Amino acid sequence: MIRVTLPRFGRFDAWRAAARDLASARVAMEDVTWADPDTPPDLFGADPAPPPRNHPVVATQEFLQLARQVASHSDPERWSLLYGALMRAQDDRRFLSNPADPMLDRLSRMAKSVRRDIHKMHAFVRFHELPSDGPRRAFGAWFEPEHPILEAGTPFFAKRFADMDWLIATPEGTARFDGDAIAYDDPAPRPDLPDDASHGLWQTYFANIFNPARIKTNAMRSEMPKKYWKNLPETRLIPDMLADAPRRVQAMRDAGASDAPAFAPKITARLRQQPDDSIPDTLAQAASQAARCTRCELCHAATQTVWGQGDPAARLMLVGEAPGDQEDLAGLPFVGPAGQLLHRTMAEAGLAPDRAWLTNAVKHFRFTARGKRRLHQTPDRDHVDQCRWWLDLERRMVAPRLTVALGATAAFALTGNRKPLTPRRGLVEPARDGGPVLITWHPSLILRLPPDRAPAALSELRADLAQAVQMVA
Amino acid sequence: MAQRTLQDKLAILSDAAKYDASCASSGTTRRDSRSGGIGSGGGTGICHAYTPDGRCISLLKILMTNFCIYDCAYCINRVSSNVERARFSPEEVVRLTLEFYRRNMIEGLFLSSGIIRSPDQTMGDMVRIARMLRIEHGFKGYIHLKTIPDASPDLVAQAGLFADRLSVNVELPQDASLRHLAPEKRPETIRATMADVRLGREAAKDRSHTGKRPPRFAPAGQSTQMIVGADQATDVDILNTSANLYSGYQLKRVYYSAFSPIPDASAMLPLIKPPLMREHRLYQADWLMRFYGFDATEIGSAHPSGNLDLAIDPKLAWALANRAQFPVDVARAPREMLLRVPGFGTKTVGRILTARRNGVLRYADLLRMGAIMSKAQPFVTLPDWTPGALTDSAGLRARFAPPPEQLSLF
């Protein structure tokens, strides 16, 4: 029997070097005993390791990563298991990518247990401040992990607390940090850590952040297993907190509702001034009323009312369908892809955006949620009818000489005519209130058309806009 | 009134903050203190402690002040409540955060506040605290700021530069209930704030024409919270609202908080026992929407009332209502369908997909790979398992639901 004794720290690298040599001589797993410094010597002595031979030894990155984690497990068999896996992988390494393989499964579970223990170490180490004579503050902690994870778990603290000296003592050994590298030492008795006033504040926080009306002790115990409780300053409060909870809940119930302090109604009265809902005189008033609009149900899902934008005394008004995703988020009309196309086309037609009033027939976004995206939906007739209140106000206040209806929804909102758009495109129809309405395509239609038909529609839109400019010139 | 000690203030202002469920500290940018300052962030969050209410403590969750001029019926800090009031100075918040942090008790700070004087004033003070931590103390831990609705977009933009996460609570699943119970809040401005945060995050991802990256903006994203059980909204209403929020504002999380009795309650709301099971089922349904490809109506339609079945989990309830789609052949079914099998989680499905390329999967293999076969049995076929008539048997739900209990007479 060959015996390999691994050091207390730097174990994994020592195992890796020894395993590589043994595997290069194809020594079988059964012929090696792996020992820690504390393992008693073998009863019948041990053979020396054979010299390395020249069989190739290969290990994948994934295997090494797994092995490094398993190396921190407390199971004394772990070295042998890892060596067995290494040997098996020399012949056929497919098992390392098969989650159904029992050997991989066992190693994965061990690694998971180690990862969890490391995570809990990062969570449950509690530092006490120690007296310090230098410029750096000093802290110390005692922690009892399930596995020998001191080396694997402490680099986290060096990264996080680089500006302080700290020591973490565990039954496995001690880690010390003074700003350069972590130094590991053999186990020492549990240090006497001084009282720390911040621990008292922490207990205050722990007791007060607890809601006595919800008791879920199983959730607490599964995430903060009792084995870690003895070194946590806050856990000793738990029995009293639990014992007192029913009384506190009953007291809340008995106390019931109370009378508001005298100053409260004055403050709320000031904040709750009834908004002015009289018929607005200016566009600004109309916009602020529209921001609170609940005339149809679209306001519940959409972000905000998207009011018109542009020159409030413009001769030309452009009406689209409804805000899309981008318009809804920004609160501005025509900022999405279709809006950008419209702006480009307007520029080509010689129409500056600040010389027109741009708005939509419906002022809230209508959509269906699909995962992380919102899919645009055309507003219903009812939405158009409800929102016409605002469109009519806008038309009355802007008083354009000509209105351009972009697409069918706008055409319907303005003229009341729901007939198909194709024969009406490029013509002027009377609006419901009498003014002229020039009907054209909506830019989003052009974005949706197949590439062979889009250019024609785009030049029609451009021509219509140019015609509109001429009509109001 | 005697001067309050730091401990008194901490007691009052953590008690006032506990109704916020969020405590996540994950998903921010990777950074640490080796290049100066204190703290680290990135990767998975760490829960440093758990209270007996089953909630984790990852962050120091406190209010800057619990004075508030709003009168939200569900909130302990509303202006009409007689709760004890206190206010931290910015230095006190910074000191508490750093001292707890150095003792490895927290991942960072979750700062919220009652609204004093005006939303802008309050938000400005919160941003100042975050700036002190980041700039003066080089703090690299996690900062979550609660955005005050109606605060100016400029302040929200500044907050995003210092905070890892911003959140603003929609509070209630339906606009009408919010207008009723929180008359000073406006659902549309709350959503507009979330839209601003989304746009801010997107703008921070665009490189300039020189290839320079703009400063990071709330790298751990935004979240929100809804109170469950304080109004009449059904679970389908709640899930639809969540779906709208996830899709509209790219939220990392929607938190559901079972309405819990508060000391000094408002007469507008009942002092009920918090519906913890309903909250749990909503979280499960939320996970189904985000990671399993379900949509809100699908989950909700499993039960005609529009509420989730409290006795069994929502995926099982969906599978029982849609048995025509089962049993599923584990060897052939696509990922989307495997994800719909009760008892299979996302990790199990990932393992199944890898393992079935290597060979035949049997019952014991699935068991070892983490599938909960007691749940999956009626819904899958394997080389060594067929559910037979089990899938369509009338008593299937009873196998999973807890046995009926006699109601207490007293």
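The structure presented is a predicted model; accordingly, all values stated were derived computationally and were not measured.
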- request: Check whether the side chains of B:D71 and A:T268 place a donor and an acceptor atom closer than 3.5 Å, and report yes or no.
  value: no
query: Are any of the side-chain heavy atoms of B:T51 and A:I209 separated by less than 4.5 Å?
result: yes
message: Just so I know, are the side chains of A:F161 and B:N104 near enough to count as touching, which here means a heavy-atom distance under 4.5 Å?
response: yes
query: Does any heavy atom of chain B fall under 4.5 Å from the side chain of A:F263, the backbone, both, or neither of them?
result: side chain
query: In terms of heavy-atom proximity below 4.5 Å to chain A, should B:S81 be classed as side chain, backbone, both, or neither?
result: backbone
task: Taking the side chain as every heavy atom from C-beta outward, state whether B:K18 and A:N208 have any atom pair closer than 4.5 Å.
output: no
field: Salt-bridge criterion met for B:E184 and A:R270 (N-O under 4.0 Å)
entry: no
task: Please lay out, stage by stage, how B:S247 and A:K372 fare under the test side-chain contact (heavy atoms from CB on, under 4.5 Å).
output: CA-CA 4 Å; B:S247 62; A:K372 292 188 174 179; 5.9 Å; no
- request: Please state whether the side chain, the backbone, both or neither of A:T294 comes within less than 4.5 Å of a heavy atom of chain B.
  value: side chain
message: Are the side chains of A:L201 and B:F100 in contact, using a 4.5 Å heavy-atom criterion?
response: yes
message: Less than 4.5 Å apart, side chain to side chain, heavy atoms only: is that true for A:T303 and B:Y249?
response: yes
message: Side chains of A:M220 and B:D53, heavy atoms from C-beta outward: is any pair under 4.5 Å?
response: no
- prompt: So what's closer than 4.5 Å to chain B heavy atoms on A:P212: side chain, backbone, both or neither?
  reply: side chain
- request: Determine, step by step, whether A:I267 and B:Y70 satisfy the side-chain contact (heavy atoms from CB on, under 4.5 Å) criterion, reporting the C-alpha distance in whole Å, the side-chain angles of both residues, the deciding distance to 0.1 Å, and the verdict.
  value: CA-CA 8 Å; A:I267 294 176; B:Y70 282 14; over 6 Å; no
- prompt: Quick one: which residues of residues 54-62 of chain B reach chain A at under 4.5 angstrom, heavy atoms only?
  reply: B:G54, B:R55, B:I57, B:L59, B:L60, B:K61, B:I62
query: Which residues pass the salt bridge (charged side-chain N to carboxylate O under 4.0 Å, His left out) test with B:R351, sequence neighbours left out?
result: none
message: Please classify the contact between A:A302 and chain B as side chain, backbone, both or neither, with a heavy-atom cut-off of under 4.5 Å.
response: backbone
message: Using a strict threshold of under 4.0 Å (side-chain N to carboxylate O), is an ion pair present between B:D32 and A:R160?
response: no
query: Heavy atoms, side chains only, cut-off 4.5 Å: are A:F95 and B:N358 in contact?
result: no
field: Contacting moiety of B:I106, where chain A heavy atoms sit under 4.5 Å
entry: both
task: Report the C-alpha separation of A:E129 and B:R102 in whole Å, then their side-chain angles, then the decisive distance to 0.1 Å, and conclude whether the salt bridge (Lys or Arg N to Asp or Glu O under 4.0 Å) test is met.
output: CA-CA 9 Å; A:E129 181 146 32; B:R102 284 189 184 281; over 6 Å; no
message: Is B:M105 close to chain A through its backbone or its side chain, or both, or neither, when contacts mean heavy atoms under 4.5 Å?
response: both
query: Where on B:R198 is there a heavy atom nearer than 4.5 Å to chain A: the side chain, the backbone, both, or neither?
result: side chain
query: So which part of A:A255 gets closer than 4.5 Å to some heavy atom of chain B, the side chain, the backbone, both or neither?
result: neither
statement: So, the part of A:N218 with a heavy atom under 4.5 Å from chain B: the answer is neither
- prompt: What residues, two or more places apart in sequence or in another chain, satisfy salt bridge (charged side-chain N to carboxylate O under 4.0 Å, His left out) together with B:K252?
  reply: none
task: Report yes or no: do A:S222 and B:Y50 form a side-chain donor-acceptor pair below 3.5 Å?
output: no
message: Quick check: under 4.5 Å, non-hydrogen atoms only, which of residues 223-237 of chain A neighbour chain B?
response: A:E223, A:M224, A:E234
query: Checking heavy atoms, do the side chain of A:R272, its backbone, both or neither come under 4.5 Å from chain B?
result: side chain
- request: Run the salt-bridge test on A:R292 and B:E188 with the 4.0 Å N-O cut-off and return the result as yes or no.
  value: no
task: Give the intermediate values and the outcome of side-chain contact (heavy atoms from CB on, under 4.5 Å) for residues A:N98 and B:T354.
output: CA-CA 7 Å; A:N98 181 8; B:T354 319; over 6 Å; no
query: Just wondering, do B:R103 and A:F139 contact through their side chains at under 4.5 Å, heavy atoms?
result: yes
